[in-house]
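Presented below is the structure to which this report refers.
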Amino acid sequence: MSWYFFSIAALFLMGTQRFLYKVSAERGCNTAWTTFSFMATVTVLSLAGYLIIRPPIADISALLLIAFLNSASFAMGTISHMEALKHLPAGIVYPIIRLNAVIVVMGIIVAMTVIYILTRSVQGEKGTYGNRRWGFGLVAMALVSGALVSGAFASVTSKFATIYTDKIAFMAVSYFLGTLFSFGLRKRLETEESRHNLRDALLIGLIMGLINFVGFYSFLTALSTGPMSVIISIMGMHFVIGIILSAMIYKETLTGLRILGIGLTIVSVLLLRL
């Protein structure tokens with residue numbers, strides 16, 4: 001199968017996984033427990049795959065270094081992403097966080113326009129969301145964290161991992177470190193509501209992990225044989241799936257400003273990959 005097939009598969013799988021962030025937020029789950037379950041699931045699956053295949057690892061130190069750099073930012077970005085969805089609609093959160101690549105080089109003007117438009121679109125809107133100012137702060141945190149794991153840095157390190165290390169081993173170590181990080185935050189993110197939703201948090205995380213395992217492996221497989229710029233551009237569209245599913249299942253309104261913001265986000269992502 002071609003790199004394009006794996007890219008499209010990763011697009012839909014990772015988009016569906018991102019939608020589960022919204023599910024966790026809507027159910028009031030402890031984000032740290034959801035992330036812990038998610039990353040622990042991928043760790044177990046990756047470790048099992050590694051023990052079965054037993055591929056050689058040429059440079060263990062390189063593997064550990066790349067995995068460490070990737071895991072902390074990914075875990076923080078995931079937690080910030082889910083927490084932001086407790087305070088803001090998915091149509092606001094997903095597009096802004098997807099602009100993490102803007103920090104790299106191009107599309108800054110378009111990105112700032114998107115943030116302005118989406119910020120305006122939420123003003124005066126009534127709903128069940130929490131503190132909107134804190135929500136935008138969390139979006140900013142996820143944006144910066146995402147720039148490290150979903151922008152140029154992650155693209156280069158993931159590409160490096162597919163060439164110089166084993167994909168399964170890279171996933172196992174990265175997600176194991178992320179598991180430890182999220183476990184350490186479980187008390188800080190605990191609320192009265194989340195204490196009664198531990199089962200939901202673990203179940204959502206489990207499903208998220210199963211989807212991510214296949215999706216991220218597909219992404220790494222595509223990177224190992226295909227052009228990085230095209231593959232990253234395709235993957236950059238996954239946030240649209242989360243928005244569509246949120247609109248369908250949670251009846252979130254897609255206003256004209258939000259649709260414009262989504263469109264400009266797509267343009268921004270494409271500009272960054274030219």
Legend entry - Pair Asn212-Leu13, side-chain contact (heavy atoms from CB on, under 4.5 Å): steps then yes or no: CA-CA 7 Å; Asn212 180 271; Leu13 289 167; over 6 Å; no
Legend entry - Close side-chain approach of Tyr175 to Leu45, heavy-atom, < 4.5 Å: no
Inset, instruction - Please examine the side chains of Tyr21 and Thr34, heavy atoms only from C-beta on, and report whether any two atoms are closer than 4.5 Å. - result: no
Legend entry - Val214-Leu47 co-clustered via ILVMFWY side chain contacts under 4.5 Å: yes
Inset, instruction - Quick one: pull up CZ in Phe6 and CG in Leu11 and give me the separation to the nearest 0.5 Å. - result: 15.0 Å
Legend entry - From Thr35 atom OG1 to Met208 atom CE, the distance as rounded to the nearest 0.5 Å: 7.0 Å
Inset, instruction - Identify the heavy atoms of Ser182 and Ala32 that sit nearest to each other, and give their distance. - result: O-CB, 3.4 Å
Legend entry - Side chains of Phe170 and Tyr50 in contact at under 4.5 Å (non-hydrogen atoms): no
Inset, instruction - Check the pair Phe36, Leu185 against side-chain contact (heavy atoms from CB on, under 4.5 Å), reporting the backbone distance first and the verdict last. - result: CA-CA 9 Å; Phe36 169 81; Leu185 290 176; over 6 Å; no
Legend entry - In one Ile/Leu/Val/Met/Phe/Trp/Tyr side-chain cluster, 4.5 Å: Leu202, Phe38: no
Inset, instruction - Could you please spell out the steps behind the side-chain contact (heavy atoms from CB on, under 4.5 Å) verdict for Leu210 and Thr41? - result: CA-CA 7 Å; Leu210 294 173; Thr41 299; 4.1 Å; yes
Inset, instruction - Could you pull out the closest heavy-atom pair between Met82 and Thr31, with the gap in Å? - result: CB-CG2, 3.5 Å
Inset, instruction - Tell me whether Leu180 is reachable from Trp33 by hopping between hydrophobic residues (I, L, V, M, F, W, Y) whose side-chain heavy atoms are closer than 4.5 Å. - result: no
Legend entry - Rounded distance [0.5 Å steps], OG in Ser246 versus CD in Glu26: 8.0 Å
Legend entry - Main-chain N/O of Phe176 paired to Thr43 side chain as donor or acceptor, under 3.5 Å: yes
Legend entry - Closest non-hydrogen atom pair, Val42 against Met171: CG1-CE, 4.1 Å
Legend entry - Presence of salt bridge, Glu252 and Lys22, under 4.0 angstrom: yes
Inset, instruction - In plain terms, say whether Arg186 and Glu190 are close enough for a salt bridge, that is, a side-chain N and a carboxylate O under 4.0 Å apart. - result: no
Inset, instruction - Please tell me if the side chains of Ile204 and Cys29 come closer than 4.5 Å, counting only heavy atoms from C-beta onward. - result: yes
Legend entry - Heavy-atom check, side chain of Phe19 versus side chain of Ile244, under 4.5 Å: no
Legend entry - Any donor-acceptor N/O pair, Ser218 side chain to Ala10 backbone, under 3.5 Å: no
Inset, instruction - Find the distance between CD1 (Ile259) and CD1 (Ile243) and round it off to the nearest 0.5 Å. - result: 10.0 Å
Inset, instruction - For Arg199, look at atom CZ and say whether over 12 heavy atoms of other residues, nucleotides or ligands are found less than 6.0 Å away. - result: no
Inset, instruction - State whether the side chain of Thr16 and the backbone N or O of Phe12 hold a donor-acceptor pair below 3.5 Å, judged by distance alone. - result: yes
Legend entry - From Leu220 atom CG to Ser224 atom OG, the distance as rounded to the nearest 0.5 Å: 8.0 Å
Inset, instruction - Taking the side chain as every heavy atom from C-beta outward, state whether Trp3 and Pro227 have any pair of such atoms under 4.5 Å apart. - result: yes
Inset, instruction - Determine the minimum heavy-atom distance between Arg27 and Asn197, stating which atoms define it. - result: O-ND2, 2.6 Å
Inset, instruction - Could you check if a side-chain atom of Ile207 sits within less than 4.5 angstrom of a side-chain atom of Ile211, using non-hydrogen atoms only? - result: yes
Legend entry - Plane angle bin for Phe213 and Tyr217 - parallel if under 30°, tilted between 30 and 60°, otherwise perpendicular: parallel
Inset, instruction - Mark yes when over 12 heavy atoms from residues, nucleotides or ligands other than Tyr250 sit less than 6.0 Å from its OH; otherwise mark no. - result: yes
Legend entry - Connected via hydrophobic side-chain network under 4.5 Å: Tyr4 and Met237: yes
Inset, instruction - Check the surroundings of atom CZ in Phe181: do more than 12 heavy atoms from other residues, nucleotides or ligands lie under 6.0 Å from it? - result: yes
Legend entry - Spacing of OG1 belonging to Thr221 relative to CZ belonging to Phe216, to within rounding of 0.5 Å: 10.5 Å
Inset, instruction - Please test Ile234 against Ile231 for side-chain contact (heavy atoms from CB on, under 4.5 Å), starting from the C-alpha separation and ending with a verdict. - result: CA-CA 5 Å; Ile234 293 173; Ile231 294 168; 5.7 Å; no
Inset, instruction - Of all the heavy-atom pairs spanning Ser7 and Met235, show the shortest one and how long it is. - result: O-SD, 4.4 Å
Inset, instruction - Mind listing the closest non-hydrogen atom pair of Gly205 and Ser37 along with its distance? - result: C-OG, 3.5 Å
Legend entry - Side-chain touch Ile241/Met14, heavy atoms, less than 4.5 angstrom: no
